[in-house]
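Structure record follows, encoded as structure tokens.
One-based numbering along the sequence shown. Note that the structure is predicted; figures quoted are calculated from it, not measured.
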Amino acid sequence: MIISGKELALKLKQEMAGEVKTFPAKYGRVPHLVVILVGEDAGSISYVKGKAKASEEVGIKNTTIRKPETISEEELLQIIADLNADDTVDGILVQLPLPRHINEDRVIEAIDKSKDVDGFHPGNVAALWQKQPCVLPCTPKGIIKMLRTAGVEIEGKNAVVVGRSNIVGLPVAKLLLDANATVTITHSRTKDLGEVTRRAEILVVAIGRPKFVTPDMVSDGTVVIDVGVNRDPETGKLCGDVDFAGIEPKASIITPVPGGVGPMTICCLMENTIECFLRKMEK
């Protein structure tokens, strides 16, 4: 089975759109997401356009603030401070990566935890590990939704996560643990990585290296979730972190690139924006 994140995201966005239509009568307005884009990176511009399109589909107000790559860290932090203080703004997202002269950690920490729709703020990260209410990071949240929709039984399964970033690897490992899987966290330099991945019943790969996981590293019947978005060095086309053509015949379930995890990440961003809005309105 190939899991279409695009199809699932479409269904969930339609459900959210129906809910958002009721908000003006209940609360006087709809949720408002502000995205800050620094520079002219083609990938970042594409992602931001995708977020604006999804906002329109759901009925969320979307504002994109574009700034040149030369913006100072101080000016960017001031923009965030102004948005934090604006009661009409419910979600704030700074598109990563940022120029090298800007400290990304400082920028993420500057966003009000209650408006951190990416789920990257240290307060939200800490709350996730402490099993406290928080904003869940979009990609890990989307992965769990995809697994559950596909009917994958997570409890008791042996899950292997290749990648240890704070954005995907570590939080998805935590969500799998919370679903009662047995989780092993690895990375590209793990010794005898293939021996570890072959034991996986659920394999999540998020390291940003094209076709890094080869068919010999995956056992028959494995559920494979490919988070990577790369350019194939041979063809120049988009590809994932796993060799899809080689692994698809062996996997029981696999996500494609593009059209797999990516659409669900944006879908969960919409969901997080609505959640942040409702927490504020229903206090």
In one Ile/Leu/Val/Met/Phe/Trp/Tyr side-chain cluster, 4.5 Å: [X], [Y]:
X: Ile266; Y: Val172; result: no
X: Ile3; Y: Leu238; result: no
X: Met146; Y: Val229; result: no
X: Leu8; Y: Val257; result: no
X: Val135; Y: Ile111; result: no

Determine which pairs satisfy salt bridge (charged side-chain N to carboxylate O under 4.0 Å, His left out) with at least one residue from [range], sequence neighbours left out, and list them in order.
range: residues 168-178; answer: Lys174-Asp178
range: residues 16-35; answer: Arg29-Asp90
range: residues 151-164; answer: none
range: residues 55-66; answer: Lys13-Glu57, Glu40-Arg66, Lys53-Glu57

When rounded to the nearest 0.5 angstrom, what is the spacing between [atom1] in [X] and [atom2] in [Y]?
X: Ile71; Y: Ile79; atom1: CD1; atom2: CD1; answer: 4.0 Å
X: Ile102; Y: Leu96; atom1: CD1; atom2: CG; answer: 10.5 Å
X: Thr265; Y: Asp118; atom1: OG1; atom2: CG; answer: 9.5 Å
X: Lys113; Y: Asn124; atom1: NZ; atom2: CG; answer: 5.5 Å
X: Leu98; Y: Ile108; atom1: CG; atom2: CD1; answer: 8.0 Å
X: Asn84; Y: Gln78; atom1: CG; atom2: CD; answer: 10.0 Å

Could you check if a side-chain atom of [X] sits within less than 4.5 angstrom of a side-chain atom of [Y], using non-hydrogen atoms only?
X: Leu147; Y: Ile154; answer: yes
X: Lys51; Y: Leu93; answer: yes
X: Lys115; Y: Cys276; answer: no
X: Thr273; Y: Val58; answer: no
X: Cys267; Y: Met16; answer: yes
X: Ser4; Y: Pro263; answer: no

Nearest atoms (heavy-atom pairs only) where [X] meets [Y]:
X: Leu128; Y: Pro171; result: CD2-CB, 3.9 Å
X: Arg279; Y: Cys134; result: NH2-O, 3.5 Å
X: Asp226; Y: Thr255; result: N-OG1, 2.8 Å
X: Ser252; Y: Val223; result: OG-CG2, 3.6 Å
X: Arg231; Y: Cys239; result: C-SG, 4.1 Å
X: Pro24; Y: Val30; result: CG-CG1, 3.9 Å

Do the side chain of [X] and the main chain of [Y] share a donor and acceptor less than 3.5 angstrom apart?
X: Ser46; Y: Gly43; answer: no
X: Arg209; Y: Asp241; answer: no
X: Lys67; Y: Ser72; answer: no

The remaining residues in the hydrophobic cluster of Leu10, counting side-chain heavy-atom contacts under 4.5 Å among Ile, Leu, Val, Met, Phe, Trp and Tyr, are none
Show which residues join Val218 in its hydrophobic cluster (side-chain heavy-atom contacts under 4.5 Å, direct or indirect), or state none.
-> Ile2, Val160, Val162, Leu193, Val196, Leu203, Val205, Ile207, Phe212, Val213, Met217, Val224, Val242, Phe244, Ile247, Ile254
Quick check: are there more than 12 heavy atoms from other residues, nucleotides or ligands sitting under 6.0 Å from [atom1] of [X]?
X: Met1; atom1: CE; value: no
X: Lys49; atom1: NZ; value: no
X: Glu15; atom1: CD; value: yes
X: Glu282; atom1: CD; value: yes

From CA spacing to verdict: side-chain contact (heavy atoms from CB on, under 4.5 Å), Val34, Asp86 | CA-CA 11 Å; Val34 177; Asp86 188 341; over 6 Å; no
Pairing residues for Lys250 by the salt bridge (charged side-chain N to carboxylate O under 4.0 Å, His left out) criterion, not counting sequence neighbours =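 For Lys250 there are no salt bridge (charged side-chain N to carboxylate O under 4.0 Å, His left out) partners, ignoring immediate neighbours.
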Partners of Glu7 by salt bridge (charged side-chain N to carboxylate O under 4.0 Å, His left out), sequence neighbours excluded?
->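 Salt bridge (charged side-chain N to carboxylate O under 4.0 Å, His left out) check on Glu7 returns nothing, list empty.
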Contacts of [X] that satisfy side-chain contact (heavy atoms from CB on, under 4.5 Å) - sequence neighbours left out:
X: Lys145; value: Leu12, Lys141, Met264, Cys268, Glu271
X: Ile167; value: Phe120, Ser165
X: Val48; value: Val35, Leu37, Thr64, Gln95

Check the pair Val261 / Val168 against side-chain contact (heavy atoms from CB on, under 4.5 Å), numbers first and verdict last.
-> CA-CA 11 Å; Val261 174; Val168 179; over 6 Å; no
For side-chain contact (heavy atoms from CB on, under 4.5 Å), just list the numbers for Asn158 and Ile202, CA-CA rounded to whole Å, side-chain angles, deciding distance to a tenth of an Å, and then say yes or no.
-> CA-CA 6 Å; Asn158 182 23; Ile202 299 172; over 6 Å; no
Within residues 24-74 or reaching into it, pairs that qualify as ring pair (Phe, Tyr, Trp, His ring centres under 6.0 Å) - sequence neighbours excluded = Phe23-Tyr27, Tyr27-Phe277
